[in-house]
Amino acid sequence: MQHGDDLEDDFVPDDLVALSDEEDLPNAEDIGGLLSADEDDAGAAQPSPAQSAAALEKKRKRRAKEKERKAKKRKLAETVEPVEPPSIAAQPPVMLADYLSSMQAKTFNEMSGIELADVQVPESAIVDTTAWTESRSLDQLVDFIVKVLPKLHTRLSQRPKSNGAPTLIYVAGAALRVADVTRVLRDKRLRGEKGGDVAKLFAKHFKLEEHVAYLKRTKIAAAVGTPGRLGKLLCDTDALATTALTHIILDVSFRDAKKRTLLDIPETRSEVFRTVLGAPKVLNGLRQGTIQLVLF
């Protein structure tokens with residue numbers, strides 16, 4: 001029995017049917033074209049050896065120029081000396097009085113304006129050093145005293161009359177700075193042949209009793225010290241006398257490793273105003289005009 005859908009054994013598809021079956025398949029030439037197109041794209045993405053070498057050479061030169069530029073910039077920075085900010089000490093007395101008042105207000109923040117006025121350093125006690133236009137560094141200190149403070153220079157070269165009674169107190173912020181200032185003040189251009197000793201006063205390595213004993217047996221022309229040790233000697237002992245004292249120098253131009261001055265550091269600022277300038281015998285001398293204050 002034959003079914004309608006069965007093909008006869010000798011059935012051969014006509015041309016139309018054969019073509020319709022072949023439409024979905026690309027011929028060999030088309031496949032070759034597609035493959036060749038892909039290969040061309042891959043070849044275009046990769047530069048030739050000559051192009052790669054040129055790009056690397058260009059990159060190398062760019063890096064070399066950048067390295068040379070940085071080297072020149074570093075060398076320039078090393079040869080240019082850092083510019084130090086102008087010292088507050090170079091200001092005239094009226095401005096220095098305001099500066100000291102503002103520093104005192106930080107120290108005595110519990111005081112009223114009226115109470116502050118009682119402990120302020122009078123403007124008349126501040127020496128005008130504006131004539132000095134050179135650097136306020138230690139290598140200039142001797143010349144500074146000779147030219148700007150002639151009265152002090154004369155007294156430093158004279159033989160002291162009493163033990164422990166300097167004509168100069170120099171206030172510095174740290175022990176190492178005290179040692180450096182002491183060496184400068186021992187210069188023969190200041191002390192001559194008759195000038196007294198220069199006391200080096202700081203707490204590091206020295207007990208208070210040792211300094212008391214030294215001062216009571218020694219005639220000194222100047223006392224260089226930290227505000228903490230000077231304050232104790234002035235307020236708690238009678239070893240450091242003010243009977244011959246004519247000048248107090250505050251070392252305000254020097255900056256420590258953190259770029260802070262003597263009065264920038266809260267601890268030393270407090271000791272300067274409470275126990276050195278605030279010592280009754282010192283404050284009275286400033287008010288009466290027998291002691292002059294110098295900012296260096």
Side-chain angles (χ1 to χ4, degrees), residues 82-138 140-141 144-145 148-149 152 168-174 177-178 181 202 223-232 234-235 242 245-296:
V83 179
E84 294 184 2
S87 172
I88 184 66
Q91 302 295 328
V94 61
M95 296 185 70
L96 292 179
D98 289 341
Y99 168 68
L100 292 175
S101 294
S102 67
M103 293 294 103
Q104 281 183 305
K106 291 182 178 181
T107 299
F108 303 108
N109 52 16
E110 73 281 1
M111 287 187 178
S112 65
I114 296 176
E115 291 173 322
L116 275 174
D118 292 335
V119 296
Q120 285 178 349
V121 177
E123 180 187 333
S124 58
I126 302 173
V127 178
D128 186 350
T129 63
T130 54
W132 180 260
T133 58
E134 302 296 325
S135 169
R136 300 196 180 220
S137 54
L138 277 190
Q140 298 284 350
L141 180 57
F144 175 83
I145 292 175
V148 181
L149 307 171
L152 175 61
L168 167 66
I169 289 179
Y170 193 110
V171 188
R177 182 67 174 177
V178 169
V181 174
F202 51 79
V224 185
T226 57
R229 178 48 54 95
L230 288 170
K232 284 187 176 297
L234 287 167
C235 297
T242 59
L245 185 62
T246 58
H247 293 80
I248 295 176
I249 297 180
L250 298 183
D251 191 41
V252 297
S253 296
F254 174 75
R255 295 178 181 272
D256 64 12
K258 297 181 179 180
K259 304 301 180 183
R260 300 175 302 177
T261 68
L262 174 70
L263 299 183
D264 287 335
I265 305 170
E267 294 79 13
T268 55
R269 179 175 65 232
S270 178
E271 291 166 341
V272 166
F273 289 116
R274 291 182 186 275
T275 64
V276 179
L277 299 183
K281 51 189 176 182
V282 172
L283 187 57
N284 288 338
L286 291 169
R287 288 176 172 171
Q288 294 170 6
T290 58
I291 301 174
Q292 292 184 303
L293 183 62
V294 182
L295 275 68
F296 179 76

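Numbering of residues begins at 1 and proceeds along the displayed sequence. Note that this is a predicted model, so its numbers are computed, not measured.
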Return yes when atom CE of M111 has more than 12 non-hydrogen atoms of other residues, nucleotides or ligands closer than 6.0 Å, and no otherwise.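 Check passes, neighbour count above 12.
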
Are the side chains of [X] and [Y] in touch, meaning some heavy atoms are under 4.5 Å apart?
{"X": "L230", "Y": "T275", "answer": "no"}
{"X": "T290", "Y": "T246", "answer": "no"}
{"X": "V94", "Y": "E123", "answer": "yes"}
{"X": "L234", "Y": "T242", "answer": "yes"}
{"X": "V171", "Y": "I249", "answer": "no"}
{"X": "I88", "Y": "V252", "answer": "yes"}
{"X": "V148", "Y": "V294", "answer": "no"}

Any idea which heavy atoms bring [X] and [Y] closest together, and the distance?
{"X": "A172", "Y": "L262", "answer": "C-CD1, 3.9 Å"}
{"X": "G231", "Y": "V276", "answer": "N-CG2, 4.0 Å"}
{"X": "R136", "Y": "L295", "answer": "NH1-O, 3.0 Å"}
{"X": "K281", "Y": "I291", "answer": "O-CD1, 4.3 Å"}
{"X": "G225", "Y": "V178", "answer": "C-CG2, 3.6 Å"}
{"X": "R269", "Y": "D264", "answer": "NH1-O, 3.5 Å"}

Interatomic distance, [X] atom [atom1] to [Y] atom [atom2] [nearest 0.5 angstrom]:
{"X": "I145", "Y": "H247", "atom1": "CD1", "atom2": "NE2", "answer": "9.5 Å"}
{"X": "L149", "Y": "W132", "atom1": "CG", "atom2": "CH2", "answer": "10.0 Å"}
{"X": "N109", "Y": "Q104", "atom1": "CG", "atom2": "CD", "answer": "12.5 Å"}
{"X": "Q292", "Y": "L286", "atom1": "CD", "atom2": "CG", "answer": "9.5 Å"}

Residue of the set V127, L96, L250 for which side chain to side chain contact (heavy atoms under 4.5 Å, CB included) holds with L293: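 Output: one option passes, namely L250.
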
Of the options D251, T107, L100, T268, which is the one that meets L263 in a side chain to side chain contact (heavy atoms under 4.5 Å, CB included)?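 Testing L263 for a side chain to side chain contact (heavy atoms under 4.5 Å, CB included) against D251, T107, L100, T268 leaves exactly one candidate, L100.
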
If only atom types and distance count, is the side chain of [X] paired as donor or acceptor with the main-chain N or O of [Y] below 3.5 Å?
{"X": "E115", "Y": "S112", "answer": "yes"}
{"X": "Q140", "Y": "E134", "answer": "no"}
{"X": "S101", "Y": "A97", "answer": "yes"}

Assess the residue pair F273 and K106 against the criterion (side chain to side chain contact (heavy atoms under 4.5 Å, CB included)); give the C-alpha distance rounded to whole Å, side-chain angles, the decisive distance to 0.1 Å, and a yes or no. CA-CA 10 Å; F273 289 116; K106 291 182 178 181; over 6 Å; no

In sequence, state the C-alpha distance, the side-chain angles, and the governing distance for L283 and L277, and then conclude on side chain to side chain contact (heavy atoms under 4.5 Å, CB included). CA-CA 6 Å; L283 187 57; L277 299 183; over 6 Å; no

With side chain to side chain contact (heavy atoms under 4.5 Å, CB included) as the criterion, how do L141 and Y170 come out once you've worked through the C-alpha distance, each side chain's angles and the decisive distance to 0.1 Å? CA-CA 12 Å; L141 180 57; Y170 193 110; 4.0 Å; yes

Can you name the residues that form a ring pair (Phe, Tyr, Trp, His ring centres under 6.0 Å) with F296, not counting sequence neighbours?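 Partners of F296 under the ring pair (Phe, Tyr, Trp, His ring centres under 6.0 Å) test: F144.
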
Check step by step if side chain to side chain contact (heavy atoms under 4.5 Å, CB included) holds for R260 and R255. CA-CA 5 Å; R260 300 175 302 177; R255 295 178 181 272; over 6 Å; no

Residue pairs, two or more places apart or on separate chains, that pass ring-ring contact (aromatic ring centres under 6.0 Å, His included) and touch residues 90-130: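 Listed once each, the pairs would be none.
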
